Amino acid sequence: MSKSYVTYKGDSSQTRQAKRSFRARISIQKKRLERQAQHKVLQHELTLIRTAAESPVRYDKMVQRFCDVNNMKLWSKKRSRVVIQLSQDFNLFNNPSKVLRDLLYLLYDAKVYQGYPTIRYIDKVCFGALYLVDNMCWEIANHRLWKVTLQNMPASEHVKFAKVRSFESSDYDTEAACMVNERVHINRKGDDLSNQSYRTKSKQLRDMVAVAIAGAEDPNYELPFDAAQAIDSAISEQFDNVIQHVPNANQASLCAFYDKVTKELTILIYNFGKTIAETLLPKNLPQPVRGEVEDIIRNHTKRFGFLIGSNFTQENALTLLALQEGISSKLLTDDTRGHGLIDYIEKCFELQPLCRIAIVSGRTAIKIDQKYPISLKNVLNRPRRILALNEDNDIYAKPDKTYVRTMDVAFNGVIIETTIPLIY
Amino acid sequence: MSITCVIDLSKLVIPNKTDSISGRGFGEGIAEREKVMQHLEQNDKFIMRIDSKKVKAINDSFIKGFFSEVFRTLKSRQRVREVFELDASDNFKRLFEKNWAILEAINAAA
């Protein structure tokens, strides 16, 4: 407060009165300004919400659902144009939340703002995340004029981005890498015996990788049996799950990328539809299994006191349970179901212990590496292969919270990214 | 009189286009198409042929789909081995054995 408005001992009663009244007027004015500022912010937020809601940009049904489950309609935070930073951090294995959040920001900005996003290269391009970004960019480009600005992108990485073209079937083979990309149609014409196009892609990918490994020296080189089995399993078990468990899905996206320099193969498969936990609700399980599953969910979600104990959710527990041998929503009709995921994970790690697998479904993200291996345990009345992701590999105990995580965003479907180093 | 049926899995791939066999439903469908359960009732035997030059991978779900009903009838790996002869590479034999062991454990617990 300015010194001249302070009441002093020597001030006359008239002066005191005038100063009081002045201070009151200032205070009222200040409050009015504050109210106006608040109103302005509110107005701006409302405008953004309205702009997003009334935006002529409409996405494909399932992408729109992805926006809706994350309450995008209510977003009102003013952001500058999206800047996606391609770094070690930006990958589905370690930071799925960040990847999904950036996808949502892309979709949001495309609805609300005229500007275009920037993709800034920092130190690494992780293929799975890049593929998802590319997918969303093409989705946006279906509905409005769209382009991205690439910053600091080295020529070798620029090629990857230019060649992905995830909106259509494509493949490429350069000195540094080869890639197979396909939006795979799921054949459901009641004739399971007919050809599914993912099998063609599985062969194409394995042939490409074999050529990449052998080079020109040995044109007859074939991948070893275990490698062929693991790569095919990573593709076929995922698609079989889509066929069996997501009846409304007509297609799923498959992209595989082999980096000839690091000799790493990354296979990313995703589909929109039910989450893993939604297909595995306890009510869909036979009685003895249901009881055990409910026990496991209780143990995982249990807290000790107000803040002690990790906050695993039922969805976390169900998603982890779906990885275990013989746990499936189809057990009521066939007790031999529920092996696809564990079979595929086991095959990958038998081939190469340095494999990395990221599974994202709903708000749950699970990562799998060599720290917690699969082992045979006597669970639910018989020996089963268990992957509990904790020290004792005890499915009844809570998993490592850095391996089973709850994300602040949700994905309405399933993303599975498998990275296999093919070092011989 | 019992007979021996030949199931040539190599015919399930499309030359130059596919070289893998996969899918639970596909396995169940092939077992049905080949009338495996009816043949088992007649005490018939099978030779399953896999040409490694044509077939490079078979996924576990296919094998489980094909054999799930078989194990409900025959129960043990030993009995399945007596009925199903694998004319295939050692790699494929190991793959089938692994899946048969799982199906046997499921049936033993049931």
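Because only heavy atoms are used, hydrogens play no part in the values below, and waters and symmetry mates are left out as well, while side chains stay in. Just so you know, these numbers come straight off a predicted model, no measurement behind them. Labels below follow one simple rule: chain letters A, B, ... track the order of the sequence lines, proteins then strands, and each chain is numbered from 1.
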Given side chains that start at C-beta, do those of [X] and [Y] come closer than 4.5 Å, heavy atoms only?
X: B:Arg24; Y: A:Ile243; value: no
X: A:Lys203; Y: B:Lys56; value: no
X: A:Arg385; Y: B:Ile102; value: yes
X: B:Ser22; Y: A:Tyr198; value: yes

With a sphere of 6.0 Å drawn around [atom1] of [X], does it hold more than 12 non-hydrogen atoms of other residues, nucleotides or ligands?
X: B:Glu32; atom1: CD; value: no
X: B:Lys45; atom1: NZ; value: no
X: B:Lys11; atom1: NZ; value: no
X: B:Asn16; atom1: CG; value: no
X: B:Lys54; atom1: NZ; value: no
X: B:Lys35; atom1: NZ; value: no

[X] portion near chain B, given a 4.5 angstrom heavy-atom threshold:
X: A:Asp232; result: side chain
X: A:Thr336; result: both
X: A:Lys347; result: side chain
X: A:Phe239; result: neither
X: A:Glu222; result: side chain

I need the A:Thr200 OG1 to B:Ile14 CD1 distance, nearest 0.5 Å.
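Output value for this atom pair is 6.5 Å.
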
Nearest 0.5 Å, please: how far is NZ in B:Lys17 from CZ in A:Arg199?
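Going from CZ on A:Arg199 over to NZ on B:Lys17, the span is 10.5 Å.
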
Quick check on [X] against chain A: is it the side chain, the backbone, both or neither that has a heavy atom closer than 4.5 Å?
X: B:Phe92; answer: both
X: B:Leu12; answer: neither
X: B:Leu103; answer: side chain
X: B:Asp90; answer: neither

Between A:Gln229 (side chain) and B:Ile58 (backbone), is there a donor-acceptor pair under 3.5 Å?
yes

Strictly distance-based, threshold 3.5 Å: is any side-chain N or O of A:Asn381 a donor or acceptor partner for the main-chain N or O of B:Ala109?
yes

Could you tell me whether B:Arg94 sits above the aromatic face of A:Phe225, with NZ or CZ closer than 6.0 angstrom to the six-membered ring centre and within 45 degrees of the axis?
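No.
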
Which residue out of B:Val13, B:Ile106, B:Asn99, B:Asn107 racks up the most heavy-atom pairs below 4.5 Å with chain A?
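Answer, by heavy-atom pair count under 4.5 Å with chain A: B:Ile106.
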
Interface residue of largest heavy-atom contact number with chain A, from B:Ala108, B:Ser20, B:Ser68, under 4.5 Å
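Of the candidates given, the most pairs with chain A belong to B:Ser20.
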
After noting the C-alpha distance and the side-chain angles of A:Asp334 and B:Arg72, does the key distance pass the salt bridge (Lys or Arg N to Asp or Glu O under 4.0 Å) rule?
CA-CA 11 Å; A:Asp334 184 351; B:Arg72 277 188 199 111; 2.6 Å; yes

Do you know which of A:Asn241, A:Asp343, A:Asp207, A:Ile231 has the most heavy-atom pairs under 4.5 Å to chain B?
A:Asp343

